[in-house]
Every structure is written in structure tokens, then in C-alpha cells.
Amino acid sequence: MAELDVVPLSQLVRWLLFTLVTAAAVWMFALAVHRRIGYIRLGKPGQREAASAPAVLSASKLTESAIRRKRYATAAAQSAEAERQWRWVAEVFGHRRLLNDLRSGLLHLVLFYGFIVLQFGAADLIWKGLAGAPLPLPAYGTFTAIQEVTVSLILLAVIYGAWRRYIERLDRLKRGWKPAIVLWFIGVLMATVLLTQAFDQLRDTVGGSVDSGTKQLAAGVVYSAHEPVSSAIAMALSQAGASPAFAEWGYELFWWLHSLVLLAFLVYVPQSKHFHIFAAPVNLWLRRRTPPGKLEPIDLEDENAESYGVGAIEQFTQKQLIDLYACVECGRCTNVCPASNTGKLLSPMHLIVKLRDHLTERGAAITSKSPWVPDLRAMTGTESGGAHMMGGTIPVWIQNEGAGREVSIEPTMAAQGQAWACHADSALHEVQLIGDVMTESELWSCTTCRSCEEQCPVGNEHVDKIIDMRRYLVLMEGRLPGEGQRALQNIDRQGNPWGLPRTERAGWLAAFASAHAENAPLLTMADAVKNGEQPELLLWAGTMGSYDERSRRILFALVRLLQHAGVSFAVLGNEERNSGDTARRMGNELLFQTLCRDNIATLKKYNVRRIVTICPHTYNAFKNEYADFAAGASFTVEHHTTLLDELVTEGRLKPLHRVKERVVYHDSCYLGRYNGIYDAPRQLLQAIPGVQLLEMERSRRNGMCCGAGGGLMWMEERSGMRVNEARTSQALAVKPTVIGSACPYCLTMMEDGVKQLEADVHVRARDVAELLAESVLGSRAAIQ
């Protein structure tokens with residue numbers, strides 16, 4: 001009877017202790033999550049609109065045509081929503097973006113699905129320890145075999161992850177004790193699963209017949225194909241002379257160790273970067289439904305607005321703050337960032353991490369709720385003063401010799417690691433978001449290329465945060481680099497960044513007439529209206545095409561091709577204004593909206609329905625951002641490469657003359673990553689006889705920025721290597737005779753890069769339209 005009394009008591013004590021520990025862990029987990037949700041809720045409750053389409057003409061009645069448009073819009077919206085849901089499934093469960101880096105992606109797949117599988121094994125192991133019997137699962141032998149194979153794969157993944165971080169030492173991965181914690185957590189969890197199972201087998205007395213899945217290997221121990229690893233460990237312990245008491249002791253130790261480590265990991269997750277397990281799927285679901293990179297407009301007429309842009313962490317939207325807790329610190333964003341790759345201080349990963357640390361500290365101060373559960377400093381009475389701030393470290397960039405320009409993120413990673421630290425003598429209320437958390441140098445290094453966002457596996461949106469902080473600097477404090485200030489002032493006063501007379505915007509028309517007297521004179525929209533004509537197309541020259549001598553040659557080539565194809569088009573001449581893209585990306589939302597409304601008024605004045613432009617920045621602004629201000633206007637916009645590709649496909653343009661060139665095509669960020677146009681320029685080049693199309697190692701979605709976006713076309717780079725030199729070097733690596741582009745900014749940067757690298761004797765930069773014109777029109781001299 002004594003034995004019968006002891007066994008239930010021990011089980012009762014085990015149940016009681018396990019329940020208390022589990023309840024405490026779950027409570028701490030829930031508390032940590034709840035507090036971070038509270039920090040996120042400090043942000044503004046922003047709500048993204050559905051993907052914008054070109055503005056539709058308003059109508060007081062639903063005509064039959066309007067009903068058809070409404071049905072089409074509804075069907076398109078449903079299709080877009082279905083596509084969005086499928087993309088969410090593909091990225092969360094299919095690891096679509098993670099698999100861009102195949103090795104890391106496969107490693108994460110093993111960990112992701114391994115942990116899902118092992119939740120059933122953990123339940124079985126814990127239940128066996130509490131109830132003394134396994135869960136009543138069908139095909140239990142197969143179940144245990146799957147569990148052990150999964151445990152072994154996860155252990156291998158942990159070892160490989162540690163090797164990549166600490167032995168291979170990938171530049172994009174952080175090192176130190178923090179990244180190692182999770183490796184220890186997972187490693188210990190997997191080891192304790194196997195050891196608990198091994199000691200469980202060791203303590204059982206084996207006798208009787210052996211089933212088909214097992215065979216006798218040592219006295220008292222059975223090796224099982226259903227438990228290959230743990231039974232092998234048990235056999236080894238048995239051969240080493242383990243006693244029954246040792247087996248009982250070992251089982252208790254590792255069962256409790258597994259349970260406690262599992263619960264400790266549960267508490268640790270929301271207080272570390274591993275909160276992404278929960279935040280990332282939410283973040284991906286809430287990701288923007290507007291076109292990629294589309295900036296949210298500021299209501300400048302809001303009389304209740306205390307400031308514009310973001311000057312404090314609470315001024316970000318709640319969605320932007322979810323980004324911070326979704327980050328896994330994988331470094332993929334930094335690895336592709338042109339600023340990080342060329343020795344600037346900006347690192348997209350550190351941008352998110354620093355904002356997260358600052359939000360956690362600010363949130364704790366505002367809500368009076370510590371982010372740490374349990375808060376050991378409060379429990380011990382230790383003061384928790386101080387705040388994280390940036391120090392004065394800058395990247396140390398060593399310029400390599402020769403024509404090549406090798407990129408590296410190592411100087412930026414090292415500088416960020418040294419500069420970002422907790423300063424015990426700093427008062428949190430004195431820490432400024434812009435200056436102490438994000439330096440102005442970082443904010444003005446971003447080219448807004450969105451390469452970081454394209455690579456991020458958890459859907460973080462870095463660029464809009466940078467633009468929001470730029471908006472605060474420019475609109476509220478009037479602070480930006482001197483060259484940028486001059487460019488914006490010139491755009492405001494004269495409509496162009498150089499400050500050339502506004503009246504000279506139409507000067508390119510006379511230049512075209514002089515250079516190509518054999519061609520028909522160009523028609524302006526004003527003249528067309530006087531003549532009672534309505535051209536089918538408006539050619540938007542853009543600021544670069546209007547004023548820049550080199551960009552004019554692209555415009556001239558396009559004009560001649562359109563005339564050759566018999567396209568009816570006109571231009572605006574001096575009525576055209578700057579598109580405002582530069583102003584908006586540099587943070588001057590007021591100037592952008594002014595230019596935007598002026599341009600829309602002009603388009604409405606001439607009832608323009610279709611626009612073509614040579615500039616991807618203008619194309620993106622018109623296509624994706626003007627719709628917010630275009631009530632009552634309806635127009636579509638095309639980039640010149642897509643229009644020319646259409647004309648070639650229809651046979652209205654025939655590339656007949658050979659152009660013997662090795663052309664490597666450089667993707668414009670605002671044409672590619674912003675608007676998904678990758679094929680049209682390449683199809684045009686492939687249609688030209690004699691052209692051999694080459695590809696850089698980094699191309700299409702992985703292409704590197706030329707360095708001109710985000711207003712940096714008009715600002716100097718003061719640290720590291722010039723971005724255009726790095727990109728030009730990548731182009732020169734495939735030994736082209738021509739670096740092709742489809743953007744005036746890119747062409748300028750590539751042309752400068754070729755000169756800086758002293759390769760201009762053998763290599764030239766040319767627009768796709770120039771190459772096509774040479775093939776269609778047959779005269780190289782005529783398009784110079």
C-alpha cells in the first residue's frame with residue numbers, strides 16, 4: 001500500500017509544479033506581448049487605401065459605360081485581393097523571399113516546419129512525463145520516427161546557422177552573444193528531446209519478443225527503427241553500465257530541463273527579435289495595398305496638425321511600428337543597399353533595429369510598463385536609467401585601386417555596431433529621433449531604390465520611414481544639405497533644379513528643329529487646340545529632357561521614332577512643369593503638391609488622356625501618386641520603352657539596320673522595382689539586329705541603384721565610394737561596348753561612371769531609344 005500511495009503523490013507533485021511553471025511562463029509571455037502591442041498603439045492609426053488606379057471622370061449618373069467600368073473595377077479589385085492573399089501564403093508558408101538566398105531559405109524552412117512538427121512531439125513528451133503514458137496517436141511508431149528525424153534536421157540546421165554566422169562570418173549577420181542565445185535555446189531543446197527519450201528507454205526493462213521494427217543490440221536495451229537516435233543513445237549508456245537509478249535521475253533531469261527551456265524560450269521570444277514569429281505574418285498581411293513605394297500624401301490643410309512628417313517615434317503609423325517588431329535582423333536589406341555597399345552610414349537593418357529599440361524605451365516611459373518580463377532590474381532595485389543613442393563613429397572606407405570598384409557592407413556594419421549603444425548618463429526625454437537615433441547623414445544617404453524592401457522577407461517598408469523623417473526636417477525645421485536646398489529653391493522659383501530660366505523649358509523644341517530640319521515641326525497642345533485637333537498622345541519632355549543637353553538626345557530619338565511610326569502627338573512646351581518627384585522624395589511635400597496640382601490643371605485644360613515620358617521618376621509620379629490629387633481628371637501614362645515595344649510589336653517600327661554592340665542593360669529602380677517594367681527594354685534591345693544583350697550579376701529585381709534617386713542626383717556623396725562608380729564597375733565586368741538604360745538619371749550616372757573609371761574610350765552609355773532609332777532610321781549621325 002505504501003508504494004501505491006507514493007506513486008500518485010509524485011505524479012500529483014509533478015502536475016502541480018508543471019502547472020505552476022507553465023502558468024507563470026504563459027502569463028509572462030502574454031504580458032510581454034501585451035506591452036509591446038501597447039507600444040505599437042502609440043502610433044497613428046493609419047489605414048492604407050486600395051491600390052490606386054488612374055483617376056476616373058466623375059459623373060452624376062451611372063451610364064451604361066460607367067456601370068461597365070464599375071464592374072470591371074470590382075472584378076479587378078477582387079482579383080487583386082485574391083492575388084494578395086496568395087502572395088501572403090507564398091511568403092509566410094512558402095518562404096518565397098527567404099529562398100532568394102537559397103541556403104538561408106532552406107535553413108529557415110527546416111526550422112520553421114520543424115518547429116511546427118515538433119509541437120506535437122513536445123506535447124507527447126510532456127504528457128508522457130505527466131501521465132506516464134504516450135498520447136494515444138495512430139501509427140505511433142511512425143510518429144516517433146518523424147519526430148526524431150525532424151529533431152536531427154533541426155540540430156543540423158542550428159549547427160549550420162552557427163557556422164554561417166561565426167565561422168563563415170557573413171557580413172550581413174550580426175555576431176556576439178545575443179544572436180547566439182537562440183541557437184543555444186534551440187540546440188538545448190533538441191538535445192533534451194533526444195536525451196529524455198533515451199533515458200526513458202534506458203529505464204524500461206526490455207523483455208519478451210521484439211517487434212519487426214526493433215532488434216536486440218545489448219542486454220536490457222532495444223534499438224528501434226522508430227526511435228533511431230534516442231535508442232542508439234540509450235544503447236550506448238547501457239553499454240557504459242548505467243544503473244536503473246541513473247536512468248531515473250537522467251529522465252527526470254532532461255524532462256524538466258526540456259520543459260523549463262521550452263517555457264523560457266516562450267518568455268524570451270516576444271522580448272527579442274524572435275517576436276517576428278508572431279509579428280511577421282501580421283505585417284505581411286497588413287502590407288501596403290497601394291503600388292510599391294507610393295508615398296502617403298500629407299493633408300497640408302489640416303488646421304489641427306501640430307507638425308508634418310515624423311519627428312518623434314509616436315508620429316509613425318501603427319503599421320510602420322509593427323515593422324519594427326517584425327524585423328528578424330537577417331541583414332538582407334543592408335546587403336543590397338547601395339548606401340551600405342559603398343561605405344555610407346545608412347544601414348536599412350540598423351534603421352529598423354534602432355527605431356525598435358527607441359520605441360521600446362519610449363513606450364516603456366510613456367506607458368510606465370517595463371518591456372522586460374520579469375524585470376530583473378526592478379526586482380533587484382537597480383536603476384534602469386539611460387537610453388540608446390548614436391555615437392560619432394563613421395564607416396572607415398578603404399578605396400581599392402584600379403578600374404574595378406568592389407562593394408562591401410563591412411565598414412557600415414562595423415560603424416553601426418560601434419555607434420549604437422546605451423548611454424547610462426543620457427535622459428530618454430532628451431533623445432531626439434532625428435539626430436540621436438537616426439542621424440541626418442543616414443537619412444540623406446538613401447536613394448529610395450527600394451532594394452531593401454524587395455529583399456525583406458517580413459514585408460518591412462524602410463523608404464517611407466526615411467521620407468517621413470525627411471519631411472519633418474524640411475517642412476518643420478528647414479534642414480537639408482546645401483545642394484538639396486538649392487535644388488528645391490530652383491525648382492520652386494524656375495521649375496528646374498539648375499535654376500535655368502523657366503522660359504527656356506521649351507528651348508528643346510528649337511534645338512530639335514535645328515538638328516533635324518528634315519522632320520516635321522513639333523506641335524504644342526495650345527496650337528492643336530487652336531487648330532481644332534486632339535492629338536492621341538502627349539509627350540511629356542520632363543525637366544531632364546527639356547534642359548539637359550545629353551537627355552535631349554533621348555527625347556529627340558523618341559520624337560523621330562514616334563513621327564516615323566505615324567503617332568499623333570503634341571507637347572506642352574513652356575506650359576509643362578516639373579513633375580515634383582524630386583521635391584517629394586527630398587521631403588518637400590508642399591512643393592510637390594503645388595507642382596502636382598498645376599500639372600493636373602494643365603492636363604485637364606487640354607483634356608489629355610494619354611501621356612508618354614522618357615523619365616521613370618515622372619512616370620511613377622503620374623501613374624501612382626498623382627491619382628491622390630487628380631479628382632475630375634482621367635489619364636494614363638506610359639514609359640517610352642513600353643510604347644516603343646508596342647510599336648515594334650505592331651510593325652509600325654522596324655529595326656532593320658544592324659547595330660553591332662555588346663549592350664549590358666541597367667535597370668532603373670523607378671521603372672523596375674517600383675513599376676515592374678523589366679522586359680520591355682530588353683525586348684527592344686533583342687529586336688535590334690546585331691545587338692548582343694548582356695546581364696550584370698545584379699539585374700532585374702536584384703539590380704543595384706545608379707545613385708541618383710531620392711534627390712541624390714542633386715547632392716554630393718561625402719563618404720565612401722560613389723554609388724555610380726560601383727554600379728558602372730559591375731556593368732564593366734561583363735565587358736560591354738554600351739551600357740544601356742531607360743532613364744535620363746541613370747544615363748547621366750552611368751556616363752559619369754564610365755568617365756570616372758576611365759573606360760569611356762571603349763564603352764559608352766546610351767538609352768534604349770537611341771539604339772532603336774539607330775536601327776530603325778539607319779543613321780548614327782542623325783541621332784547624335
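For this chain, numbers begin at 1 and follow the sequence in order. All values reported here derive from a predicted model rather than from experimental measurement.
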Side-chain touch Asn624/Thr290, heavy atoms, less than 4.5 angstrom: no
Check: Asn496 side chain, Trp498 main-chain N or O, donor-acceptor pair, under 3.5 Å: yes
Neighbour count above 12 (heavy atom, 6.0 Å) for Glu650 CD: yes
Parallel, tilted or perpendicular, as decided by the 30° and 60° cut-offs, for the rings of Tyr626 and Phe592: perpendicular
Minimum heavy-atom distance Arg288-Lys294, with the two atoms named: NH1-O, 2.9 Å
Pairs touching residues 497-513 that satisfy salt bridge (charged side-chain N to carboxylate O under 4.0 Å, His left out), sequence neighbours left out: Arg505-Glu576
Identify every side-chain donor-acceptor pair in residues 521-528 under 3.5 Å, counting partners at least two apart or on other chains, and give the distances.
| residue | atom | partner | partner atom | Å |
| --- | --- | --- | --- | --- |
| Thr524 | OG1 | Asp527 | N | 3.2 |
| Thr524 | OG1 | Asp527 | OD2 | 3.1 |

Arg682 (side chain) donor-acceptor with Tyr678 (main chain) under 3.5 angstrom: yes
Cation-pi, Trp88 ring and Arg287 (6.0 angstrom, 45 degrees): no
Worked verdict on Arg673 versus Glu454 for salt bridge (Lys or Arg N to Asp or Glu O under 4.0 Å): CA-CA 7 Å; Arg673 275 187 290 271; Glu454 183 66 36; 5.9 Å; no
Side-chain touch Thr613/Phe622, heavy atoms, less than 4.5 angstrom: no
Salt bridge (Lys or Arg N to Asp or Glu O under 4.0 Å) evaluation trace for Arg450 with Asp464: CA-CA 10 Å; Arg450 288 194 59 254; Asp464 60 345; over 6 Å; no
Qualifying residues under salt bridge (Lys or Arg N to Asp or Glu O under 4.0 Å), relative to Arg727, sequence neighbours excluded: none
Flag for Asp468-Gln320: side-chain donor and acceptor within less than 3.5 Å: yes
Cys705 and its side-chain contact (heavy atoms from CB on, under 4.5 Å) partner, picked from Val336, Thr447, Asn724, Thr448: Thr447
Approximate separation, where rounding is to 0.5 Å, of Arg471 CZ and Tyr308 OH: 12.0 Å
Pair Tyr547 and Trp508, ring centroids less than 6.0 Å apart: no
Side chain Ser775, main chain Leu771, donor-acceptor under 3.5 Å: no
